Amino acid sequence: MTVKNPRFVISAVRPEQYPVTNMLEIAFAGRSNAGKSSLINALTGRKRLAYSGSTQGMTRQINFYDIDGELMFVDLPGYGYAAVSKDQKSLWGKVIEQYLNVRPQLYMVILLLDVRHDPSSDDKLMFKWMLESGLAYAVALTKCDKLSRMKCAERVREISKTLGIDGKGRVFPVSATERTGIEDLWAAIDSALEE
Ligand code: GDP
């Protein structure tokens with residue numbers, strides 16, 4: 001899909017603040033710093049549609065982006081930020097969990113993992129939830145420009161194995177800076193929406 005007019009809609013915490021629409025939603029989940037904002041910008045061909053909070057990892061709101069009036073991108077708060085208190089962590093968890101549980105138009109979840117790191121326990125929990133939800137899903141391995149092509153392909157195999165994903169078309173190596181893998185990820189989104 002070539003995005004023509006992506007638009008930030010609203011930041012929300014509680015369900016009553018979510019936008020009232022019946023567009024299908026694609027949620028982006030991942031640890032803070034995994035590269036969510038950069039990937040949303042790469043997918044929409046914009047430089048600063050999405051941006052991280054001024055203090056890294058401190059955005060705890062859900063950001064909604066209208067993609068050409070056809071679907072909504074939903075940027076979930078990054079989890080696993082080390083420098084916050086236990087209370088804040090559980091609040092973030094609650095914001096994410098609530099969205100995932102109550103949003104009927106949620107259609108697909110894209111989990112972002114930094115290609116260089118093994119999935120954390122939070123990542124594994126998130127992935128388990130994705131599988132159990134029965135929603136469409138994809139895993140984007142971000143920052144692939146930091147590794148050689150060969151090493152990146154090896155990480156795709158390793159991380160797929162760790163998560164128990166066999167079969168193709170689920171795990172996508174991407175780089176927001178080099179814009180590689182972006183078309184493939186769009187193809188996965190498009191094909192999920194056509195099902
Ligand atoms: P978020 O916290 O998940 O929204 O992550 P950001 O998109 O803000 O990215 C976190 C950091 O990783 C920033 O310093 C980005 O510049 C960097 N980053 C994100 N994507 C890429 C990528 O594809 N390649 C490289 N080299 N750096 C990236």
Side-chain angles (χ1 to χ4, degrees), residues 3 6-13 25-67 72-85 88-89 91-93 95-97 99-100 108-127 129-130 137-156 158-159 163 171-189:
V3 179
R7 195 170 60 79
F8 168 75
V9 180
I10 201 169
S11 291
V13 175
E25 292 180 352
I26 316 269
F28 294 80
R31 305 179 68 157
S32 54
N33 228 27
K36 251 174 330 90
S37 315
S38 306
L39 183 62
I40 290 175
N41 289 334
L43 284 166
T44 55
R46 295 294 184 275
K47 284 211 168 73
R48 289 186 59 84
L49 179 66
Y51 49 91
S52 314
S54 49
T55 312
Q56 253 183 11
M58 295 305 279
T59 6
R60 61 178 178 80
Q61 288 153 328
I62 302 176
N63 296 313
F64 291 82
Y65 301 93
D66 176 328
I67 308 300
M72 198 79 98
F73 276 0
V74 181
D75 183 8
L76 297 175
Y79 49 75
Y81 191 62
V84 298
S85 69
Q88 275 176 310
K89 273 189 190 161
L91 178 67
W92 281 343
V95 170
I96 297 172
E97 213 176 293
Y99 167 79
L100 296 172
M108 180 181 198
V109 183
I110 299 178
L111 176 65
L112 277 75
L113 303 172
D114 186 318
V115 71
R116 297 164 298 170
H117 307 309
D118 288 326
S120 68
S121 52
D122 285 334
D123 292 326
K124 288 181 184 160
L125 209 64
M126 183 69 217
F127 185 68
W129 184 92
M130 285 160 60
Y137 74 85
V139 176
L141 302 186
T142 62
K143 312 186 192 182
C144 271
D145 54 282
K146 302 235 186 200
L147 301 178
S148 71
R149 253 180 122 94
M150 218 166 92
K151 183 75 189 156
C152 205
E154 190 183 315
R155 292 298 290 154
V156 170
E158 283 168 1
I159 294 174
L163 295 176
V171 182
F172 298 88
V174 297
S175 162
T177 48
E178 311 263 292
R179 293 196 51 81
T180 49
I182 302 300
E183 293 298 322
D184 291 340
L185 189 56
W186 257 124
I189 295 172

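Both ligands and their constituent atoms are indexed starting at 1 by order of listing. As the structure is a prediction and not an experimental result, all values here were calculated from the model. Count residues from 1 along the sequence.
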[Y] backbone acceptor or donor facing [X] side chain under 3.5 Å:
X	Y	result
Asp114	Ala34	no
Asp123	Ser120	yes
Arg31	Leu112	no

Any Ala34 heavy atom less than 4.0 Å from ligand 1: yes
Within reach of ligand 1, part of Thr177 (heavy-atom separation under 4.0 Å): both
Within reach of ligand 1, part of Lys146 (heavy-atom separation under 4.0 Å): side chain
Minimum heavy-atom distance Tyr99-Ala27, with the two atoms named: CE2-CB, 4.0 Å
Nearest non-hydrogen partners of Ala138 and Phe172, listed with the distance: CB-CE1, 3.9 Å
Residues in salt bridge (Lys or Arg N to Asp or Glu O under 4.0 Å) contact with Asp75, at least two apart in sequence or another chain: Lys36
Salt bridge (Lys or Arg N to Asp or Glu O under 4.0 Å) partners of Glu97, counting only residues at least two apart: none
Short list, please: which atoms of ligand 1 are under 4.0 Å from a heavy atom of [X]?
X	answer
Ser175	23 (O)
Ser38	6 (P), 7 (O), 9 (O), 19 (C), 20 (N)
Lys36	1 (P), 3 (O), 4 (O), 5 (O), 7 (O)

Just distances here: any N/O of [X] and N/O of ligand 1 closer than 3.5 Å?
X	answer
Cys144	no
Ser32	no
Val174	no

